[in-house]
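Data block below; observations after.
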2 protein chains.
Amino acid sequence: MSESTVPNIVIRRLPLYARELGLLEAEGCAYISSKELGHRLDVTPAQIRKDLSYFGRFGRQGRGYDVGDLRQRLRRILGLDGRVQRMVLVGVGQLGRAVLDYAGFPMQGFHVVRAFDSDPEVIGRVIADVQVDDVADLPGYLERQPVALAIVTVPAAAARSVVETLVAGGVNAILSYAPIATAVPDGVHLRQIDPVMELQSMAYYIRQGELNHTAEVEPGG
Amino acid sequence: MSESTVPNIVIRRLPLYARELGLLEAEGCAYISSKELGHRLDVTPAQIRKDLSYFGRFGRQGRGYDVGDLRQRLRRILGLDGRVQRMVLVGVGQLGRAVLDYAGFPMQGFHVVRAFDSDPEVIGRVIADVQVDDVADLPGYLERQPVALAIVTVPAAAARSVVETLVAGGVNAILSYAPIATAVPDGVHLRQIDPVMELQSMAYYIRQGELNHTAEVEPGG
DNA sequence: TAGATTGTTAATCGATTAACAATC
DNA sequence: TAGATTGTTAATCGATTAACAATC
C-alpha cells in the first residue's frame, strides 16, 4: 500500500536503470555513482537518487552504488527476480509473428504461453514454439490458466473487443500495438506502442528545422 | 522561433488528437467538443483546449470543433500535410523486415526509400520494394540524398555507431528499436521503442496487485 | 583525514486543471 | 434568447533540481 504512492513516472524509469546496470555489469564495472549513471542515461544524478529514495537506501556515501546489487534490487522491486512472466498474445499476423520471433522477450523472462487469432489458416498451428488457438477460446483459456500479461497485435478495428475480452478474463497489464484509443478500467494497465505517432510528432521538429533553415537563408521570409 | 516554445509533451499529443479526429471523420462526425474528444482519449477537455491554444483558435463557442478542419490543421502544424516523409532504415533483420512490411507507415505518408545492412546475404536484395545497400555506403547515400528521418532496427551492440553515422549524415530525427541508451547532439531527436521496458514497468503493478490480493486473503501477512 | 557521494529537504520549475468571461 | 462550449487566466498540482548535512 505504501509503495502504491510511488509516481508512475518513477516506476517507468526503473527498467532503464536496471538495463544500464546490466550493461555496466557486463563491462565489469563494480561500482557506479549517480553522476556517472546519470551521464550515461542523460538523466540528472539528483533524479536517480530521488527515484531510488522511494524504495530505500542503496548506495554508499563517497563510493556510489554496487552495480550488481542495485540491479538485483531493482529487479526485485519490479517483480522480475527469478520468475518467468507468462503472457498471451492476440493477433498472429505479420506483427504478431515478429513479436513471437523476437528473442528480447524470453531473454528478459517474458514468455508467450499461448497465441490467439481468428484466421482459420493459422489456428491450430505452432509458431515459434507457441500454439495458436481460436480467439473464441480466449475466455476459456484465461479461466483455466490465469495470466496477468497480454500483448495485442490485432488490427485497430479488432483491438477494443480483444482488450475487453482480456480484461474480463482477468488480465491486468496489456501491451497493445494497435493504433487506437482504448479505455480500460482502473487497476488495469494499458501501454500502447505506436511508432507512427512517434514519427508524426518528430515530423514537427523536422519542419521547424526546415523553417529555421529557410529563415536563415532567406532572412526576408 | 515563437513556436519552438511549445512544450514537447504538447507536440507529442497532437498526433493522438489527429488520429482520433481521423476516426471521427470516418464515422461521419462533423463537429466535436473538447469534452467528447477528451472522453474518447481519456484526456481532460481543458488539456485539449490548452494544447490547441498554443497554435491558435480552432473552435466555435457553443459548437465545438469542425472535425475535418481541425484534423487538417493539426496535420499542417505537424508538417504532415500533402507531403511524403522520406526515411532510411538501418538493420534488415527480423524486426527490420517487419517494419519494412508494415503497412501503417506508408499509409500515413512515411516511406522507407532505402535500407541498409552489413550482412552480405541481404545486401543487394529488394525487400518490400526497398533496395538494401551495404551500411558502409550509408554516409555516401545521405550525402547524395539527404533524408531527415531514420529508423534503426539493428542489434543493441551496433546501434550507437549507426546513430552516429546517421547524425553525421544530417539525419535529425531517429526512431530506434535498439534497447540501449544513445546520446545525440542537441537538435537531433531520438525516440526509442522498447517493448521489454514497458512490460518490465508494468510487472511492478502486477506484483503490487498480487501483494494486495495476498494481503486481503491473509490479513496477517 | 580529505575527498567524494549519498539521501533528503526545500526551492524551483513546468504541466495540468478549474473557473469563467466571451461568444457562437 | 438560452444553452453550450470555447479560449485564457489563475490556481493547483506534481515532478525536477539544487543544495547540503551526513557519512563512507
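Remember, predicted model here, so these are calculated numbers, not experimental data. In what follows, every chain begins at residue 1, and chains take the letters A, B, ... in the order their sequences are listed.
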Whether the [X] and [Y] side chains hold a donor-acceptor pair (N or O, under 3.5 Å, no angle test) is what I'd like checked.
X	Y	result
R97(B)	T153(B)	no
S34(B)	R49(B)	yes
Y177(A)	D194(A)	no

With heavy atoms under 4.0 Å as the rule, sort K50(A) into base, sugar-phosphate or nothing.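 The residue K50(A) makes base contact.
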
Reckon I9(B) touches a base, only the sugar-phosphate, or nothing at all at heavy-atom distances under 4.0 Å?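 Here I9(B) touches the backbone only, sparing every base.
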
Atom pair distance, as rounded to whole Å: [atom1] in [X] and [atom2] in [N]:
X	N	atom1	atom2	value
L70(B)	dT5(D)	CG	P	16 Å
R60(B)	dA4(D)	CZ	C1'	13 Å
D42(B)	dT17(C)	CG	P	10 Å

Could you check which of dT16(D), dT17(D), dT16(C) has an atom nearest any side-chain atom of A46(A)?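 That would be dT17(D).
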
Start at the 5' end of DNA chain C and walk down; is the nucleotide closest to I32(A) or to R63(B) reached first?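 With I32(A) and R63(B) compared, the 5'-side residue is I32(A).
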
Look at the side-chain N and O atoms of [X] and state whether any lies under 4.0 Å from the OP1 or OP2 oxygen of [N].
X	N	value
R49(B)	dA19(C)	no
Y65(A)	dG7(C)	yes
Q61(A)	dA22(D)	no
R57(A)	dT5(C)	no
T44(A)	dT17(D)	yes
S34(B)	dT5(D)	no

In this structure, are over 12 heavy atoms from other groups packed under 6.0 Å from N8(A) atom CG?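 Enclosed: over 12 neighbouring heavy atoms sit under 6.0 Å from CG of N8(A).
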
Side chains of R12(B) and I9(B): does their closest heavy-atom pair fall under 4.5 Å?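 Side-chain contact under 4.5 Å: no.
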
Identified pairing partner of dT12(C), criterion: Watson-Crick or G-U wobble below 3.5 Å: dA15(D)

So which nucleotide does dA4(D) pair with, by the Watson-Crick or G-U wobble rule with both distances under 3.5 Å?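 Because both required distances fall under 3.5 Å, dA4(D) counts as paired with dT23(C).
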
